[in-house]
Structures are given as C-alpha cells and as structure tokens.
There are 2 protein chains.
Amino acid sequence: MGTPLPRDPIADAQRNWERHGWGDVAAPMAAITAIMRTQQILLARIETVLKPFGLTFARYELLALLSFARSGALPMNKASALLQVHPTSVTNAVDRLEKAALVARSAHPTDGRTTLIELTADGRTLAKKATAALNAEVFGKSGFGPDDVDHLIRVLGTFRRDAGDFTEE
Amino acid sequence: MGTPLPRDPIADAQRNWERHGWGDVAAPMAAITAIMRTQQILLARIETVLKPFGLTFARYELLALLSFARSGALPMNKASALLQVHPTSVTNAVDRLEKAALVARSAHPTDGRTTLIELTADGRTLAKKATAALNAEVFGKSGFGPDDVDHLIRVLGTFRRDAGDFTEE
DNA sequence: TCCAAACCCTTGGATGTCCTAGTATATTGC
DNA sequence: GCAATATACTAGGACATCCAAGGGTTTGGA
C-alpha cells in the first residue's frame, strides 16, 4: 500500500478516544479496529498467493470445502451455511468456478429445489495445489507465536459462538 | 445469517487439516480463518448501527478521521495513508460524502496536485452522533474481556508492525 | 386433497476494495 | 531553463458482499 507510517494509526485513534472522554470503550475500539486491519493484511497475502492459480479467496474456500466433503458434492445451501456467507455469494462463486470447469452443478436426486455442487477432477487437483501454496506461504509464516495462535483461537472462538455462529463446544 | 450450526466450522476445518497431514499449520490456519470471520461479524454489527445515519463503515472512518484533525481538513493522500486503504477507495468515499454534504473538497493552498477534504458542520455533527452510537452499541458491547482486549491489541499490534504498517513502538 | 407457507436458488442493484491507466502538477537534475 | 521523474487524484473494470424480489418446489395443516 505504501511506506510505513511513523506511528501506529490505531494507537493514535485509541489516544484520541481517550482524549475525548470515551476512555471506557477506547481499548475495545482499538482491538476491533486492529482485527479489521489484520484481516485486510491477511486477505491481501492470501489473494497474492492464490492469484497464480486464478483463484480468489472466496472461490478457494468453496473448493477446499468441497474437497473435504465425503462425496465431493454439497448442496449450495449447505455450502452457504458452512462458509457463513450469503447464498448469493455462493451463487456468484459457483458461476465463476463452473465457467473455469473446476466445479459442476447437478440436480439433487430427491429435492427439486436444491442444486448440488461437485468438484471436477481439475478442481480437486487445483484445490490441492492451492492449499499447499497457502500452507507454505501464509499459514506457515503467519508471524503469530504458538501461544498467540492458541489464544486467538480460543478468544475468537468464544466470540463467534456468542455471536450465534454455532452452538456447543 | 441463519440458524447456528451444530458445530464450529473452523474447528472442523482445523481437524480436516490435521487429518490430511498438515498438522503443523492447522492451528495458524484456524486462527487466521477465525480472524476473517470475526471481522465479518464485527463489520456487520457496525454497518447495522451506522445504517440509520446513512453511513457505511468506510465513510464513517473518514468522517471520524477528519473530526480528529486539528484543522478539520486533510489531504486525500494523508487520509489514504492513515486509513490504510487504496487512494481510489478514498476518492469513492469522498464522492459520496460530498454528495451528502458531509465533507467538501478544496484546493491545497500551495500544492496544485493535492485536494483537501474538510468536514462540513453537518459532517461534524453526524460524526459525533455516529461515534456515540458505535461506542454504545458495538465497542461497549464487544464481548471481549478486558484481558482479551489487551492481548488482542498487543498481538495484532506486533503483527501489523511486522507487516509494515508502521515503525516504532 | 389442496393451497398457503416455507424453502432454495438466481437476478438485479448498491457498496466497497483493489488494479491499471491517464491527466495534471511538482520536483529534480543536467 | 527544460526535460525526466515523481506525486496526486480520477476514471473504468474486475470481484466480492449484502439486500430485495422473483420463480420454482416441497411440505404441512385445513
């Protein structure tokens, strides 16, 4: 994006919040803003790695999800629920993946409303390669220490559960 | 988005990673995926609170930034750097804010290339109201405990510094 | 049995983000 | 002083996300 700033803009924002008498929520504001920015950085890294494969993160996530499905196929509404995105986003991703011959739509055997998405051979191969690249270039070089990773998983897991993403655990 | 899932989809993904022999990067993968999903949840909450004000998060961030500027005005490139977004994203936000009469463009006194963005009186008022709403409805109810907030600020701060966002501190 | 309600997917519209390219203005170097 | 380089903003295009609305299919209660 550009040259590093001399100072942390989020720390500055936190100081501004405190200076305006919002000290009680300044820290959560900073934490939330930091999450937003971190997501942006991570997404950019991921997309950079996926670009040579002709994939975006949204499409990769769908390929990866399908590659773990027992039968290699999933109903679109299942994919939407598991990826936690709007059904129209799945429609969009499937349209593009289907055009690239990485997945195929097929009719559900018993429910006429439902459309199944299935990996093609090419799709399965590409998913493997893309996953290897992400593991090597992003997940394997996250920069988070093992303790921090565990802490993030735990804290954000609680947050997501409380937000209604899932029950149990 | 819909009904809660019976199980945490990210924990499932982590198990899938381990089952496929990628155990060494399964945890960072889960942490990164959790950050992506958490950002999505937080963004949705923020946009819900801002909607009554006719603002999106991108536009609010610009208003808030301007409201903290000494003179109430900033060059567009400064805003782009401080918000850590692409210059075209600032152009886009300013276009819409200007149309809503919340900010105004003006020429830089000495540099003909530069455009200054300045808050209007309406813009300043709306920024105050929107900030109060966000403080009350989002930052004040983040769901993160004080210790977790501190940890997030520290860990993500290090990550952002290492990613080249800023130097020092 | 049959029709209304629920469910599934797609289309169209609004936003935001980034990239590439183009225009205008400043600054630098010879 | 003038050309070459650097900087600032904008225009157009590709993607992704969401919401609202529409058309087809299933289900369940009257």
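Numbered from 1 within each chain, the chains take letters A, B, ... in sequence-line order. What you see below is based on every heavy atom in this structure, not just the backbone, and it leaves out hydrogens, waters and symmetry mates. This one's a predicted model, so the numbers in the text were calculated from it and none came from an experiment.
Distance CG (A:Leu55) to C1' (D:dA14): 15 Å, rounded to an integer number of Å. One interatomic measurement links the two molecules: CZ of A:Arg45 to C1' of C:dC18, which rounds to 18 Å at whole-angstrom precision. A:Leu62 has its CG atom 16 Å from the P atom of D:dC15, to the nearest Å. Between the P atom of D:dC19 and the CG atom of B:Leu50 lies a distance of 15 Å, rounded to the nearest Å. With rounding to whole Å, B:Met36 atom CE is found 13 Å from D:dT17 atom C1'. Following rounding to the nearest Å, A:Tyr60 (OH) and D:dA16 (C1') show an atom-to-atom distance of 18 Å. Atom-to-atom, CG of B:Leu43 to P of D:dC19 comes out at 11 Å; the value is rounded to the nearest Å.
Rounding to the nearest 0.5 Å gives a distance of 5.5 Å between CZ of A:Phe139 and OG1 of B:Thr33.
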Between side-chain atoms of residues 65-74 of chain A and protein atoms elsewhere (two or more places apart, or another chain), which donor-acceptor pairs fall under 3.5 Å?
| unit_1 | atom_1 | unit_2 | atom_2 | d |
| --- | --- | --- | --- | --- |
| A:Ser67 | OG | A:Ala64 | O | 2.7 |
| A:Ser71 | OG | A:Ala73 | N | 3.4 |
| A:Ser71 | OG | A:Ala73 | O | 3.3 |

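With hydrogens and angles disregarded, no donor-acceptor distance shorter than 3.5 Å links the side chain of B:Ser80 to the backbone of B:Met76. Judged by distance alone, the side chain of A:Thr115 and the main-chain N or O of A:Arg105 form no donor-acceptor pair under 3.5 Å.
Residues from residues 122-133 of chain B placing a heavy atom under 4.0 Å of any atom in DNA chain C do not occur.
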### Message
Does the protein touch nucleotides 7-17 of chain C at the base, only the backbone, or not at all? Give it as B, S and - per nucleotide, heavy atoms under 4.0 Å.
### Response
BSSBB---SSB

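Comment: A:Glu137 engages A:Lys141 in a salt bridge, judged by a side-chain N to carboxylate O separation of less than 4.0 angstrom. With respect to B:Arg59 and B:Asp95, no salt bridge is recorded, no charged nitrogen being found less than 4.0 Å from a carboxylate O. A salt bridge does not link A:Asp8 to B:Arg161: none of the charged nitrogens lies less than 4.0 Å from a carboxylate oxygen.
Residue pairs meeting the ring pair (Phe, Tyr, Trp, His ring centres under 6.0 Å) criterion with at least one partner in residues 106-136 of chain A, sequence neighbours excluded, are absent.
When each of B:Leu63, B:Val94, B:Leu62 is paired with B:Leu102, the side chain to side chain contact (heavy atoms under 4.5 Å, CB included) condition holds for B:Leu63 and for no other.
Looking at heavy atoms from C-beta onward, B:Asn77 lies out of side-chain contact with B:Val90 at the 4.5 angstrom threshold.
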Show the distances under 3.5 angstrom between N or O atoms of the protein and N or O atoms of nucleotides 3-5 of chain D.
none

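Residue B:Thr48 is classed as having no contact, given no heavy-atom separation below 4.0 Å to the nucleic acid.
Not counting sequence neighbours, the partners of B:Lys128 by the side-chain contact (heavy atoms from CB on, under 4.5 Å) test are B:Arg124.
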